[in-house]
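Beneath this line is the structure, given in structure tokens, with notes to follow.
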2 protein chains.
Amino acid sequence: MTQSSLPLHTVLQIRDECLCLATQRAARKLARRFDRLFAPLGLTNGQFSMLVALSGQWAPRLGALADFLAMDATTMTAAAKTLEKRGLVQLIADETDARARRPILTEAGRALVAQAVPLWRAEHAKLHAEMTGTDATGLAQILWQLG
Amino acid sequence: MTQSSLPLHTVLQIRDECLCLATQRAARKLARRFDRLFAPLGLTNGQFSMLVALSGQWAPRLGALADFLAMDATTMTAAAKTLEKRGLVQLIADETDARARRPILTEAGRALVAQAVPLWRAEHAKLHAEMTGTDATGLAQILWQLG
DNA sequence: TCATTCTATATTGATATCAAACCAATACAA
DNA sequence: TTGTATTGGTTTGATATCAATATAGAATGA
């Protein structure tokens, strides 16, 4: 009983060092946290990121947006469809390539992301405050590279 | 057209600093990477983590395991069911509390996790090698706290 | 031009994720 | 000991995630 299938030091090593586990774990916590934050606006954390990404001077194709978010192309198809159904983005056929489509924000999308940003700011400030001793921006940079 | 709904510096700030986005992004990349690694064994990265967590001298209830992995209780219910269906874990009723159940590894589960660990070791070593200049174990610790 | 190959996206099917609502068992209080 | 609150887990419904596969358009080479 309670027989160890692995040497204990192996179990502890994976627990303490596995970057995949540590990242999935943090990702779940943060997703819950920001999903709840944006829930009053009917947004998830991922939808927020997507809308922000489309708020700059950039009109990427679906594939390029998927790459930017390190997300599978098929996930992007589904995510774009959800946002389109809600009227937050519009999918425009590319002028030169009939295969490609570019998601662009609608008025409603612009208005919603503008409402969401102050919430993000406040919550992110809290998060920073909880990370005493850690360089939050440096961490974001490292995570951006990771994987 | 391509009209900015947000000040550009805001868009850039969120892109560069948002820990939620950065973490989700890294989590997707690592999940894909380790899912592919374990695919020949029919395991996902999350299933691997769960099996390893059950490989130590610990026989947690479902709720405690969910807490350990920072995962929602309902997700744990579903995940445990999948592992049970595959015969990798068995769900044992708690002796003192009729509500509680404890997942424990089966022989098959022990054998499979033993096969998976060397794959993890090799891949994780590669990952370390890609992170020149970063303290990987320190990063794992920070991520464990994060959220 | 035509065939081949490549590229951008979509569809399907499986698991993962969480909120909301729920049920049953336990703990606690009057 | 009954009534209430809490706790452990499950079900349902929505979105997220990705592999495998498909399709249509574009690019390329003979």
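Here is how names work: the chains are called A, B, and so on, in the same order as the sequence lines, proteins then strands, and each is numbered from 1.
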Listed pairs, N/O of protein and of nucleotides 22-25 of chain D, under 3.5 Å:
residue : atom : partner : partner atom : Å
D:dG25  : N2   : A:Arg99 : NH1          : 2.6
D:dG25  : N3   : A:Arg99 : NH1          : 3.4

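- In summary, A:Lys81 and A:Glu84 do not engage in a salt bridge, as defined by a charged side-chain N under 4.0 Å from a carboxylate O.
- Residue order along DNA chain C, read from the 5' end via each residue's closest nucleotide, puts B:Arg86 first among A:Arg32 and B:Arg86.
- Below 30°, between 30° and 60°, or above 60°: for A:Phe34 and A:His124 the angle between ring planes is between 30° and 60°, a tilted geometry.
- With a 4.5 Å cut-off on side-chain heavy atoms, B:Val11 and A:Trp58 do not count as touching.
- Side chains of B:Gln13 and A:Arg121: a donor on one and an acceptor on the other come within 3.5 Å.
- Contact between A:Arg25 and B:Asp67 at its shortest, heavy atoms only, is NH2-O, 4.1 Å.
- Between A:Thr96 and A:Asp72, the residue anchored closer to the 5' end of DNA chain D is A:Asp72, taking for each the nucleotide with the nearest heavy atom.
- Nearest-nucleotide positions on DNA chain C for B:Met71 and A:Gly63 put A:Gly63 closer to the 5' end.
- Taking all atoms of both residues into account, the shortest heavy-atom contact from A:Leu62 to A:Met76 is O-CG, 3.5 Å.
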Could you list the donor-acceptor pairs under 3.5 angstrom formed by side chains in residues 135-147 of chain A, with sequence neighbours left out?
residue  : atom : partner  : partner atom : Å
A:Asp135 : OD1  : A:Thr137 : N            : 3.3
A:Asp135 : OD1  : A:Gly138 : N            : 3.1
A:Asp135 : OD2  : A:Gly138 : N            : 3.3

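- Contacts of A:Thr96 classified as side chain to side chain donor-acceptor pair (under 3.5 Å), with partners at least two apart in sequence or in another chain: A:Asp94.
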Check nucleotides 10-12 of chain D against the protein and report each pair of N or O atoms closer than 3.5 Å, with its distance, or say if there are none.
residue : atom : partner  : partner atom : Å
D:dT10  : OP1  : B:Arg101 : NE           : 3.0
D:dT10  : OP1  : B:Arg101 : NH2          : 2.2
D:dT10  : OP2  : B:Thr77  : OG1          : 2.8
D:dT11  : OP2  : B:Lys81  : NZ           : 3.0

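- Here B:Trp120 and B:Phe38 keep their ring centres 6.0 angstrom or further from each other.
- A salt bridge links A:Glu130 to A:Arg33: at least one charged side-chain nitrogen sits closer than 4.0 Å to a carboxylate oxygen.
- When rounded to the nearest whole Å, the span between CZ of B:Arg28 and P of D:dC18 equals 7 Å.
- No donor-acceptor pair under 3.5 Å is formed between the side chain of A:Thr75 and the backbone N or O of A:Met71.
- Residue B:Gln24 contributes atom CD, which lies 16 Å from atom C1' of D:dC18 at whole-angstrom precision.
- Residue B:Thr75 is classed as a base contact, given a heavy-atom separation below 4.0 Å to a base.
- When DNA chain C is scanned in the 5' to 3' direction for atoms under 4.0 Å from non-hydrogen atoms of chain A, the outermost contacting nucleotides are C:dT7 to C:dA19.
- Between A:Val113 and A:Leu54 there is no side-chain heavy-atom pair separated by less than 4.5 Å.
- Closest approach of B:Arg61 and B:Asp97 over heavy atoms only: NH2-CB, 3.6 Å.
- Computed from C1' positions of five pairs at each end, the angle between the two local axes of the helix from C:dT1-D:dA30 to C:dA30-D:dT1 equals 10°, rounded to 10 degrees.
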